[in-house]
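Have a look at the structure below, then the notes.
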Amino acid sequence: MSKEYLLAFETSCDETSVAVLQDSEIVSNVVYTQTIHQKYGGVVPEIASRAHMEKIVPVYLEALEKANIGMEHISAIAYTQSPGLIGSLLVGATFAKTLAQSRSLPLIEVNHIEAHAIANGISNPEIELPFLCLIVSGGHTEFRVCHSMTDTEVIGHTIDDAAGEAFDKIAKLLNLDYPGGPEIDKWAKRGNPNRFDFPISKVPDLDFSFSGIKTAVLQFLQRETKNNTNFIEDNLADICASVQYTIVQTLLAKYEKAVHQTGIHNLGIAGGVSANSALRSQFLEMCVKLNSKSYIPEFQYCTDNAGMIGFTAYHKWRLGKYSYDYTMTPSARA
Ligand code: KG4
Ligand code: ZN
């Protein structure tokens, strides 16, 4: 069978991204990150929708150009259907649907979080199934068992903030730029992770909670800055290292529990926070300790990108999981 091209759109949050795949191979993956949110210290939904509206056409054209093809070569179109900011999702969905309808092409709906997990297969085509994946991003923290590349099951999730949200909100308390995760990661490299103690949340089963650490850090900073107004500046590296240590410990303690509970020893991490250097190295150590295989997507496929949407869509497409129903709508919730 000859290879076919697939076009994929990702617009669930603050990245406008379009990818072209030839079967499962990502040929181009253009990602535009909206920097305008930095001055607000977080993503402003209304501004995100408008920025997608501005960028979607140039990003789409660049993706086709980089792949060196035209729309006439495309055989199917995929888009992020859920979850995410509804205004942002609507921009990608409307664009994808209009293109598909005008060319009578099949549409493939993709769940963004499932795509983060399935992205582990991009650089590991021989990935063993089932595999267990911890997806840690700015909006989501959950465990998924991937029974196949098209069938995943959520077995635990956060009951409040996501891990990335905790990084971002704590970074804001420390006067660091948005997104805060990479900033904390950078400062933590020079700090002592055992200098300050923050609580590890106790939530039953395989669920998480990250609102407690945010409050604990807030109260700690209020207390300490009363005595020393330069406390944050004087101790930034140690605070970052201690916060990062606590978040990573929280995630990996649950991960060990998930491994024991499921008996699965093919383990992955995914999502923006999987770019965290401490999480990556300690996850690999955990896998060695548990005698498990480890998978981490390449850096460019960890944060939001349309390549992972297209890769996930490819597997659905091949199993007939597509539609010519152009009335489908996106959903903010998973
Ligand atoms: O998956 P992603 O790009 O977007 C969402 O779907 O949310 O994840 C973005 C999140 C942000 O919260 C960002 O702070 C976090 O990933 N992040 C990191 C690192 N790089 C990105 N968190 C910790 N350490 C990093 N190196
Ligand atoms: Zn994401």
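Note that ligands are numbered from 1 as they come in the structure, with each ligand's atoms numbered from 1 the same way.
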### Query
Which class fits the ring pair Phe196 and Phe198: parallel under 30°, tilted 30 to 60°, perpendicular over 60°?
tilted
### Message
Parallel, tilted or perpendicular, judged at 30° and 60°: which one describes the rings of Phe131 and Tyr295?
### Response
tilted
Ion pair [X]/[Y], N-O distance below 4.0 Å:
| X | Y | answer |
| --- | --- | --- |
| Arg50 | Glu54 | no |
| Glu256 | Lys254 | no |
| Glu4 | Arg318 | yes |

### Query
Mind checking whether the Zn ion (ligand 2) has an N, O or S of His112 under 2.8 Å?
yes
So which bit of [X] gets within less than 4.0 Å of ligand 1, heavy atoms only: side chain, backbone, both or neither?
| X | value |
| --- | --- |
| Asp185 | side chain |
| His140 | neither |
| Asp168 | side chain |

### Query
So is His112 close enough to ligand 1, meaning a heavy atom under 4.0 angstrom away?
yes
### Query
Is there a heavy atom of Cys13 sitting under 4.0 angstrom from any atom of ligand 1?
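Outside the 4.0 Å threshold, so no.
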Among protein heavy atoms, which sits nearest to [atom], and what does the distance come to when rounded to 0.1 Å?
| atom | answer |
| --- | --- |
| atom 5 (C) of ligand 1 | Asp304 OD2, 3.5 Å |
| atom 15 (C) of ligand 1 | Val273 CG2, 3.9 Å |
| atom 24 (N) of ligand 1 | Asn276 ND2, 3.0 Å |

#### Entry: Ring-ring centroid check Tyr301 Phe311, cutoff 6.0 Å
no
### Centroid-centroid under 6.0 Å between Phe208 and Phe143 rings
yes
Numbering the atoms of ligand 1 from 1, which are under 4.0 Å from a heavy atom of [X]?
| X | result |
| --- | --- |
| Thr303 | 3 (O) |
| Gly272 | 1 (O), 2 (P), 8 (O), 16 (O), 17 (N), 18 (C), 19 (C), 20 (N), 21 (C) |
| Gly139 | 7 (O) |
| His116 | 1 (O), 6 (O) |

### Message
As a check for students: among Ser277, Gly138, Gly164, Ala275, identify the option with a heavy atom nearest to atom 10 (C) of ligand 1.
### Response
Gly138
### Task
Measure from atom 25 (C) of ligand 1 to every heavy atom in Ala166, Ala278, Gly181, Ser137 and give the option owning the shortest one.
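Among Ala166, Ala278, Gly181, Ser137, the closest heavy atom to atom 25 (C) of ligand 1 belongs to Gly181.
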### Summary
ang(NE2 His116, the Zn ion (ligand 2), OD1 Asp304) rounded to 10° is 100°
### Query
Can you name the nearest heavy-atom pair linking Gln261 to Leu206, along with the distance?
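Smallest interatomic distance, heavy atoms only, reads NE2-CD1, 3.8 Å.
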#### Entry: Intermediate values then yes/no, side-chain contact (heavy atoms from CB on, under 4.5 Å), His265 and Lys293
CA-CA 6 Å; His265 285 271; Lys293 287 209 163 121; over 6 Å; no
### Task
Taking His37 for its side chain and Val44 for its backbone only, find out whether a donor-acceptor pair lies under 3.5 Å.
yes
